[in-house]
Amino acid sequence: MRIFPILAVIGVIAYTGSDAWSPFAAPAKATQQDDFEWRGSLAQGQTVHIRGLNGPIEASLASGGDVEVLATKREGDRGRTEDVTFEVVEHSGGVTICVMYPPKDDDRPNECRANGSGRNSNHRNDTKVSFTVRVPAGVDFVGRSINGDVTAEGLRSDVEVATVNGDVEVSTSGAAEASTVNGNVWASLGSLTEGLEFSTVNGRITVELPSGVSANVHAATVNGGIETDFPLTVQGRWGPREMRGTIGGGGPELSLETVNGSIRLIER
């Protein structure tokens, strides 16, 4: 992801239902049922990073120039929704927004970091949090969940999406990476300018590429087949479950790996 600094300070906002001030964003504010809302302006090449836990993340192209984030809580069978909070970390590369669940009493505190890492253990609270994100053209997007689908549709920037239990889908005119463990991967790309990876364990992978694209391709599956609409120049041996080759004149590395599922390259 490209990063261009615009701020010299790093700020953290913990949101629990009251208004919070941001140096370059509209205040985070409560909506119905303590939902969370954030709106702000990011520069071209900066990143909005959403880190969820239980629930889907859906991103789409913004109609204006601001990033808009709405998170909606839905009560589960255990724990209180009011114990689930949000943190906003503003940094030189953009903004990171994390949903924060209550840890065990003897655990270290949870934390939200600028790069999307940090600790977020969850003790007996299955509140579901659904994120809806509007991303302006040129602003990169990263969306990560654990239990939930992650979708980024019609974006005009670089995208990275990941989950553990759920499907991942992405369509963008920029570069993209997508991964899951138990779910399918679907991606539609407008270009291929750098090495990309798409992976799952239990699921199929489908990647749609424009006509005339050039790439080095490595595709591998254990229990499944490999299909491609593109003419390939094979490097080494062609196998029904693993393939290395080039599309066009070759170029960036395109890696496609699954264990239990098929792989397909579609020409658009």
Side-chain angles (χ1 to χ4, degrees), residues 1 47-63 67-72 74 97 99 116 128-210 213 215 217 219-221 224-230 252 254-268:
M1 295 290 183
T47 301
V48 52
H49 189 140
I50 304 298
R51 193 183 78 176
L53 187 64
N54 294 320
I57 301 172
E58 297 182 1
S60 60
L61 186 66
S63 58
V67 176
E68 300 176 23
V69 179
L70 174 65
T72 302
R74 192 174 73 190
I97 298 175
V99 57
K128 185 176 181 180
V129 178
S130 301
F131 280 94
T132 301
V133 188
R134 302 286 183 261
V135 185
V139 174
D140 295 337
F141 173 73
V142 177
R144 297 180 179 274
S145 184
I146 300 296
N147 300 305
D149 298 341
V150 182
T151 304
E153 183 178 1
L155 300 191
R156 298 178 185 174
S157 56
D158 291 352
V159 177
E160 182 180 342
V161 293
T163 188
V164 176
N165 300 305
D167 296 335
V168 288
E169 298 185 10
V170 56
S171 62
T172 181
S173 59
E177 296 189 8
S179 65
T180 182
V181 176
N182 299 305
N184 300 315
V185 175
W186 181 88
S188 178
L189 305 179
S191 62
L192 199 62
T193 58
E194 57 186 81
L196 303 180
E197 296 183 3
F198 300 94
S199 65
T200 183
V201 176
N202 299 305
R204 62 182 178 274
I205 299 175
T206 304
V207 176
E208 184 180 69
L209 298 170
V213 71
V217 180
T221 179
I226 301 173
E227 300 180 27
T228 175
D229 292 347
F230 292 91
L254 177 60
S255 175
L256 313 164
E257 294 189 10
T258 182
V259 176
N260 299 306
S262 61
I263 296 174
R264 185 176 181 189
L265 284 174
I266 298 175
E267 183 176 10
R268 184 172 63 250

Take atom CD in E153; do more than 12 heavy atoms of anything else shown fall under 6.0 Å from it? no

Restricting to side chain to side chain donor-acceptor pair (under 3.5 Å), what partner residues turn up for [X], sequence neighbours left out?
{"X": "E197", "result": "none"}
{"X": "R264", "result": "none"}
{"X": "R268", "result": "S188, E208"}

Output yes when a side-chain donor or acceptor of [X] lies under 3.5 Å from a complementary backbone atom of [Y], and no otherwise.
{"X": "D140", "Y": "D158", "answer": "yes"}
{"X": "S262", "Y": "R204", "answer": "no"}
{"X": "T132", "Y": "E58", "answer": "no"}
{"X": "S145", "Y": "P56", "answer": "no"}
{"X": "T47", "Y": "H49", "answer": "no"}
{"X": "N54", "Y": "N147", "answer": "no"}
{"X": "T163", "Y": "G148", "answer": "yes"}

If I compare all heavy atoms of L61 with all of R156, which pair ends up nearest, and what's the gap? CD2-NE, 3.6 Å

